[in-house]
Amino acid sequence: MENPKLFISYSWSSPEHEEWVIQLAEELVENGIDVKLDKWDLKEGNDAYVFMESMVTDNEIKKVIVVCDKVYSQKADKRTGGAGTEAQIISQKVYEQVDQNKFIAVIKEKDENEKAYTPVFFKSRIYIDLSDNDLYAKNFEQLLRWVYDKPMYVKPELGKKPSFLSDETHISLGTSSKFKRAIDAIRNGKSFAKGALQEYFDTFIENLEKFRIMKNNNEIDFDERIIKNIEEFIPYRNEVIELFLAIAQYSDTKETHHQVHDFFENILPYTERPEDISQYHTFDFDNYKFILQELFLYAIASLLKYECFEAVSTLINQAYYNKTDNNFNQNSMINFSKFGSYCQSLEYRKERLKLNRLSLKSDLFKERTEGIGIKFEQLMQADFILYLRSSINYLVYSDLRWYPDTLLYARNRYKPFELFARAQSKDYMSKLNILFNLDDKNKFNDLVKNIIKNNFVPSWDYDSLPLETLMNLKNLYTKGI
């Protein structure tokens with residue numbers, strides 16, 4: 001719509017009110033709207049009634065604003081004066097109009113109870129409030145959007161039905177009632193919150209066995225079953241994420257931190273061969289590997305969102321008992337990097353389907369972030385912190401390393417993640433330091449040098465991760481507060 005025509009109906013309540021209406025009209029004109037106003041368009045000798053009627057009924061007038069104050073509403077309801085005449089014409093059109101999108105009330109005045117003055121025929125209709133100077137700019141934008149038929153919120157196109165709802169057989173973890181009990185107890189600080197959370201975690205871990213899949217000999221599209229499996233897991237993943245967010249907001253205690261730590265420790269065996277299975281394929285546990293990595297990423301992102309740094313420290317600095325480790329030459333206590341296992345099936349899928357993608361795993365993480373309270377930006381930030389922490393571990397202990405799959409989407413980024421942007425403050429960095437145990441800028445500089453020296457910088461398609469930019473290296477510890 002180019003230069004839409006608009007008519008303003010109002011009452012000559014006072015000189016100040018008339019000036020306000022003229023100013024509104026001028027602002028609309030400045031924004032490309034062809035405003036018809038009696039002050040400008042009703043000339044001496046013209047028939048005022050004919051002018052009003054033509055403005056309301058003219059098909060070229062696409063929008064009509066009714067400026068509502070106390071005087072206009074009284075005259076409109078009593079059908080007196082010019083405002084009453086216009087209201088009589090407008091009300092008939094409002095009731096007749098099928099579209100109902102040509103007329104809108106703009107509120108200039110409210111009563112002592114903050115109730116908008118509107119004529120009876122406008123009582124049930126949505127209006128735009130310009131009576132509050134503090135909200136004027138925001139609501140004026142709303143008015144412009146209405147005139148140009150460009151609403152702020154647009155219904156998205158219908159997507160496809162989720163695949164996990166398409167099958168007749170559906171895997172259930174049986175956690176629904178326990179989830180509701182746990183989430184309510186945590187949010188409301190009930191005395192049994194710890195027990196309710198543990199009951200949920202125990203049920204979840206035990207029934208996760210239902211998601212086990214095994215590759216058949218000569219099965220060439222086993223990757224399809226893995227994709228379907230992790231898609232079907234989404235409702236349960238969302239349950240756990242909601243719990244993580246609730247814990248971060250309402251139960252940020254050492255006791256709860258250790259419950260979450262034990263939850264991940266007890267999922268770990270699913271990523272390896274069970275004791276009762278002697279024959280297996282490399283792909284057999286890839287669904288569990290993906291599920292575990294995704295859950296851990298969201299746990300860290302949820303806790304970071306509410307700056308629960310001690311909780312994050314527990315998850316990344318406290319070792320995990322590796323119940324699946326059958327090699328007596330290795331330590332049975334491992335760090336969190338074990339949760340970031342390589343999924344060979346996804347690389348196989350990329351080759352089998354000849355997909356021109358750098359990383360299917362990265363793509364899946366990004367695609368699955370819709371509508372769960374954690375933005376992909378926050379997920380990448382969590383991934384980056386895990387990558388840095390694991391790099392420190394590896395450089396000191398030659399331990400496992402965490403590969404930051406989501407940072408494929410940060411390789412061309414030109415600004416730091418939020419936590420590191422805030423860490424230019426020494427006070428803020430002192431809080432964040434519990435994650436790294438590096439208490440001055442020189443140690444962070446040394447970390448980056450060692451990462452580069454040991455070729456630990458991830459890269460995709462020849463684009464390396466901009467470490468110094470993402471961690472705001474130049475500006476760390478530069479301000480007192």
Side-chain angles (χ1 to χ4, degrees), residues 4-29 33-59 61-147:
K5 292 185 178 181
L6 176 147
F7 172 59
I8 300 180
S9 174
Y10 68 105
S11 172
W12 293 5
S13 306
S14 67
E16 294 77 17
H17 182 67
E18 293 176 42
E19 283 300 318
W20 186 92
V21 172
I22 292 172
Q23 182 179 341
L24 172 64
E26 290 173 347
E27 290 175 353
L28 291 170
V29 170
I33 300 167
D34 185 1
V35 175
K36 302 298 179 182
L37 186 69
D38 58 357
K39 297 286 189 185
W40 300 340
D41 297 289
L42 183 59
K43 307 301 181 184
E44 291 80 358
N46 290 164
D47 189 315
Y49 180 86
V50 172
F51 172 76
M52 296 174 193
E53 185 174 34
S54 66
M55 292 296 101
V56 175
T57 59
D58 189 345
N59 289 331
I61 305 293
K62 300 301 182 183
K63 302 288 182 178
V64 175
I65 287 176
V66 179
V67 178
C68 297
D69 63 347
K70 183 176 181 179
V71 174
Y72 186 96
S73 298
Q74 290 175 342
K75 288 184 177 181
D77 291 342
K78 294 178 181 179
R79 299 293 195 262
T80 59
T85 302
E86 287 183 25
Q88 188 172 354
I89 301 169
I90 291 172
S91 62
Q92 181 180 353
K93 291 298 179 182
V94 167
Y95 291 134
E96 290 176 354
Q97 200 84 13
V98 176
D99 182 334
Q100 300 261 319
N101 195 38
K102 181 173 181 176
F103 303 89
I104 198 165
V106 168
I107 306 304
K108 172 61 176 68
E109 186 180 4
K110 294 180 179 178
D111 65 18
E112 63 276 6
N113 297 316
E114 287 298 302
K115 185 176 180 181
Y117 284 112
T118 56
V120 171
F121 65 88
F122 260 129
K123 288 295 183 186
S124 62
R125 295 171 65 90
I126 295 173
Y127 57 74
I128 294 175
D129 186 3
L130 295 184
S131 65
D132 187 338
N133 289 334
D134 292 337
L135 299 175
Y136 187 91
K138 175 184 175 183
N139 292 346
F140 183 75
E141 178 188 343
Q142 182 186 0
L143 178 60
L144 291 178
R145 287 181 175 278
W146 173 77
V147 175

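For clarity, every value in this text was computed on a predicted model and none was experimentally measured. The chain is numbered in sequence order, starting from 1. Computed from heavy atoms alone, side chains included, the values below leave out hydrogens, waters and symmetry copies.
- When every heavy atom of Tyr72 is checked against every heavy atom of Pro119, the shortest pair comes out as CE2-CG, 3.8 Å.
- Results of the side chain to side chain contact (heavy atoms under 4.5 Å, CB included) test with Ile65 over Val106, Ile128, Val35 single out Val106 as the only residue that passes.
- Salt-bridge check for Asp129 with Lys110: passed, with a basic side-chain N closer than 4.0 Å to an acidic carboxylate O.
- Annotation for Pro4 and Ile33: closest pair O-CG2, 3.5 Å, computed over non-hydrogen atoms.
- Counting heavy atoms of neighbouring residues, nucleotides and ligands inside a 6.0 Å radius, atom CG of Asn59 does not exceed 12 of them.
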For residues 15-26, please give each side-chain donor-acceptor pair under 3.5 Å, one per line with the distance, not counting sequence neighbours.
from, atom 1, to, atom 2, distance (Å)
Glu16, OE1, Ser14, OG, 3.4
Glu18, OE1, Lys39, NZ, 2.5
Gln23, NE2, Glu27, OE2, 3.4

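- From Lys63, atom NZ reaches atom CG of Leu28 across 12.5 Å, with rounding to the nearest 0.5 Å.
- Nearest approach of Lys102 to Lys62, heavy atoms of both residues: CG-O, 3.4 Å.
- Here salt bridge (charged side-chain N to carboxylate O under 4.0 Å, His left out) pairs that include residues 133-146, with residues two or more places apart or in two chains, are Glu141-Arg145.
- Note that CG of Asp58 and NZ of Lys36 are 9.0 Å apart. Values are rounded to the nearest 0.5 Å.
- Looking at Asp38, its side chain never comes within 3.5 Å of a backbone N or O of Leu42 through a donor-acceptor pair.
- For the atom pair CG (Asn139) and CD1 (Ile107), the distance works out to 11.0 Å, reported to the nearest 0.5 Å.
- With sequence neighbours left out, the side chain to side chain contact (heavy atoms under 4.5 Å, CB included) criterion links Lys70 to Gln74, Glu109, Tyr117.
- A donor atom on one side chain and an acceptor atom on the other are not found under 3.5 Å apart for Asp69 and Tyr10.
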